[in-house]
Amino acid sequence: MRDTATSRDLLADLKLLHPKLIDLSLGRIERLLAKLGDPHKRLPAVVHVAGTNGKGSTTAFMRAILEAAGTRVHVYTSPHLVRFHERILLAGADGVARPIEEAALVDVLTRTQACNDGDDITQFEITTAAAFLAFSETPADVLLLEVGLGGRLDATNVVSKPELTVITPISVDHSDKLGNTLAEIAAEKAGILKSGIPAVVSRQPGEAADVIERTAVELGVRVNFWGRDFDAFEQNGRLVVQCEDRLLDLPLPALKGPHQIVNAGTAIIAALQLSCVDVDEAAIEAGLLSVTWPARMQRLASGPLSDLLSQGSELWLDGGHNPAAADVLSQTVADLEERNPRPLFLVVGMMGLKDVDGFLARFDGLVRCVCAVPIPGAHEVPLAPDLIVSAAQKIGIRASQADSLEDALREIDRQHFGPKRVLICGSLYLAGQVLALQEGVEPEPN
């Protein structure tokens with residue numbers, strides 16, 4: 001190991017420990033955590049969040065609401081967009097969570113690597129152990145802990161006694177690891193439910209809801225279900241959240257799109273369920289208005305990429321990458337079109353195992369043209385742009401490809417000079433490239 005290693009150096013070293021044959025299990029991280037003194041047993045109150053779509057946004061809403069209530073909050077999410085440090089947010093003395101500082105990250109990675117002593121382990125497992133170390137050694141009231149993949153056998157599921165579990169909307173994704181049906185995937189997500197620990201379950205397809213309910217009954221879990229125990233909807237330009245004993249009339253959330261109504265409602269109910277925190281309506285309002293979450297229908301109003309489009313154009317960014325995400329994205333851009341008509345163009349880059357046909361089909365009739373781009377530096381094999389073009393053309397959507405994001409935007413502006421709406425989407429890794437270009441920095445690999 002280098003004497004003056006950076007976090008990037010250490011993360012590159014940790015990748016070399018990845019097992020040749022990977023199985024989803026908890027054995028490797030449990031072994032490492034035991035060597036570290038079980039930091040996962042010394043955490044603040046944990047809210048464990050699983051789901052296919054909306055995990056990050058729901059977590060962001062909870063963080064904003066809890067911080068507005070004066071709560072010190074740690075946050076664990078993945079993947080990162082630009083820098084690895086984004087995954088580990090530590091509560092500050094001023095009550096604001098910030099990405100872990102470089103020196104602190106190097107410290108916990110070095111200690112974790114030393115304890116692991118060269119054993120086979122995935123990078124997510126060993127960095128999750130390092131995150132638990134950081135969280136256990138920094139004072140906070142609540143840890144918002146997002147599942148990496150699935151739930152039942154995810155490295156975060158070593159936390160046996162969370163304060164609350166939350167399951168956001170489930171759809172088919174990561175079928176190679178979680179199963180090919182909604183029922184199989186829901187069973188993996190429901191693996192975070194714990195006997196006697198309350199849960200909040202967001203809006204679900206019927207098949208997924210049935211699996212979650214059966215699991216909850218078997219474990220004796222008291223569940224607040226969307227549509228049965230609570231609801232959230234937009235009414236007269238306001239967000240209305242309704243549950244058994246109260247009705248909240250709130251401002252619309254700062255995050256755009258009808259799907260954020262669902263995520264906000266789920267987060268509000270979750271925050272109100274926490275017995276360790278006193279959340280009032282003023283904190284909920286403040287959280288809804290102050291929440292931020294990059295690459296979720298994020299408007300890029302200025303910067304080197306938006307400057308490539310003619311005056312009056314809109315450039316939007318979203319990391320959505322599966323058909324369910326495309327459903328809400330297409331609805332969001334349709335709403336934008338209704339309020340302010342503009343020709344819509346998509347810039348799309350996707351990973352190799354994603355359902356490109358199902359994703360693009362949701363935009364049929366909405367989009368003028370799709371421009372496919374590569375994703376440089378992706379940790380998995382990305383989908384070749386020509387395959388995205390073929391998928392779009394098969395649906396009947398005009399399509400082309402470009403060698404880079406910049407070339408794609410220039411080509412779109414040549415096709416339609418004048419005000420237009422451009423949405424970059426298809427992958428969180430592509431979104432990270434976009435934000436890095438906007439900031440003029442080199443993105444760190446996932």
Side-chain angles (χ1 to χ4, degrees), residues 47-62 65 144 146-147 150-151 164-174 178 181-193 198-217 221-235 238-244 246-248 250 252-253 255-273 284 288 291 293 296-297 318-332 334-335 358-359 362:
V47 180
H48 202 188
V49 185
T52 308
N53 296 300
K55 290 196 304 289
S57 296
T58 301
T59 298
F61 279 120
M62 279 193 281
I65 291 167
L144 302 177
E146 183 186 305
V147 164
L164 179 73
T165 59
V166 178
I167 301 179
T168 65
I170 293 171
S171 64
V172 175
D173 201 4
H174 298 291
L178 303 180
T181 68
L182 269 178
E184 290 173 326
I185 294 169
E188 293 298 319
K189 308 288 186 185
I192 71 165
L193 298 178
V200 174
V201 177
S202 188
R203 186 167 65 190
Q204 303 292 346
E207 191 178 355
D210 290 344
V211 171
I212 295 168
E213 185 150 32
R214 282 199 302 272
T215 306
V217 170
V221 175
R222 178 175 57 82
V223 180
N224 269 273
F225 267 103
W226 176 283
R228 186 189 73 186
D229 303 302
F230 72 96
D231 197 4
F233 50 90
E234 182 178 349
Q235 187 175 73
R238 302 278 290 174
L239 169 63
V240 178
V241 178
Q242 193 170 357
C243 52
E244 186 178 4
R246 64 196 301 179
L247 187 145
L248 299 171
L250 302 161
L252 289 177
L255 300 184
K256 303 297 183 188
H259 56 300
Q260 297 296 3
I261 298 294
V262 177
N263 296 331
T266 303
I268 290 165
I269 297 300
L272 291 172
Q273 290 293 305
I284 294 171
L288 290 174
V291 65
W293 192 230
R296 276 72 176 183
M297 276 311 287
D318 195 279
H321 50 263
N322 56 43
D327 276 332
V328 296
L329 272 179
S330 60
Q331 187 178 350
T332 301
D335 289 347
F359 184 86
R362 272 59 175 186

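None of the values given here were measured: they were computed from a predicted structure.
Within 6.0 Å of CZ in Arg362 there are more than 12 heavy atoms belonging to other residues, nucleotides or ligands.
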Let's go through Ile212 and Leu193 carefully: what are the C-alpha distance in whole Å and the side-chain angles of both, what is the deciding distance for side-chain contact (heavy atoms from CB on, under 4.5 Å) to 0.1 Å, and is it a yes or a no? CA-CA 9 Å; Ile212 295 168; Leu193 298 178; 4.3 Å; yes
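For Trp226 against Arg203, the heavy-atom pair with the smallest separation is CB-N, 3.3 Å. In this structure, Asp229 and Val223 approach most closely via the heavy-atom pair OD2-O, 3.2 Å. When all heavy atoms of Phe230 and Cys243 are compared, the closest pair comes out as CB-CB, 4.0 Å. Across every non-hydrogen atom of Ala270 and Val200, the tightest pair is CA-CG2, 3.9 Å. Across every non-hydrogen atom of Val262 and Ser202, the tightest pair is CG1-OG, 3.3 Å. Closest heavy-atom contact between Leu144 and Thr59: CD1-O, 3.6 Å.
Residues Val201 and Thr165 have side chains not in contact (no heavy-atom distance under 4.5 Å, counting atoms from C-beta outward). Using a 4.5 Å cut-off on side-chain heavy atoms (C-beta onward), Leu250 and Ile268 make contact. The shortest distance between side-chain heavy atoms of Glu234 and Val240 does not fall below 4.5 Å. Between Pro253 and Ile261, the closest side-chain pair of non-hydrogen atoms falls below 4.5 Å. Within the 4.5 Å cutoff, the side chain of Ile284 has heavy atoms near those of the Leu272 side chain. For the pair Asn53/His259, no side-chain contact is recorded, criterion being any heavy-atom separation below 4.5 Å from C-beta on. A 4.5 Å side-chain heavy-atom check between Thr266 and Phe61 finds every atom pair outside the cut-off.
Taken to the nearest 0.5 Å, the CG atom of Leu288 stands 5.0 Å off from the CD1 atom of Ile65. Once rounded to the nearest 0.5 Å, the distance linking CD1 of Ile170 with CD of Glu188 reads 10.5 Å. The CG atom of Asp335 sits 9.5 Å away from the CE atom of Met297 when rounded to the nearest 0.5 Å. For the atom pair CD1 of Ile167 and OG1 of Thr215, the computed distance is 8.0 Å after rounding to the nearest 0.5 Å. Between Gln242 atom CD and Gln235 atom CD the span is 9.5 Å, to the nearest 0.5 Å. The distance from the CG atom of Leu255 to the CZ atom of Arg296 is 9.5 Å, given to the nearest 0.5 Å.
A donor-acceptor pair under 3.5 Å is absent between the side-chain atoms of Thr58 and the main chain of Ala267, judged by distance alone. Proximity of a side-chain donor or acceptor of Lys189 to a complementary backbone N or O of Gly51 within less than 3.5 Å is detected. At least one donor-acceptor pair closer than 3.5 Å links the side chain of Glu184 to the backbone N or O of Thr181. Remark: side-chain polar atoms of Thr332 are not paired, donor with acceptor, to backbone N or O of Gly257 under 3.5 angstrom. Remark: the backbone N or O of Thr168 is paired with a side-chain donor or acceptor of Gln204 at under 3.5 angstrom.
Judged as a salt bridge (charged side-chain N to carboxylate O under 4.0 Å, His left out), and not counting sequence neighbours, the contacts of Arg238 are Asp249. Partners of Arg214 by salt bridge (charged side-chain N to carboxylate O under 4.0 Å, His left out), not counting sequence neighbours: none found.
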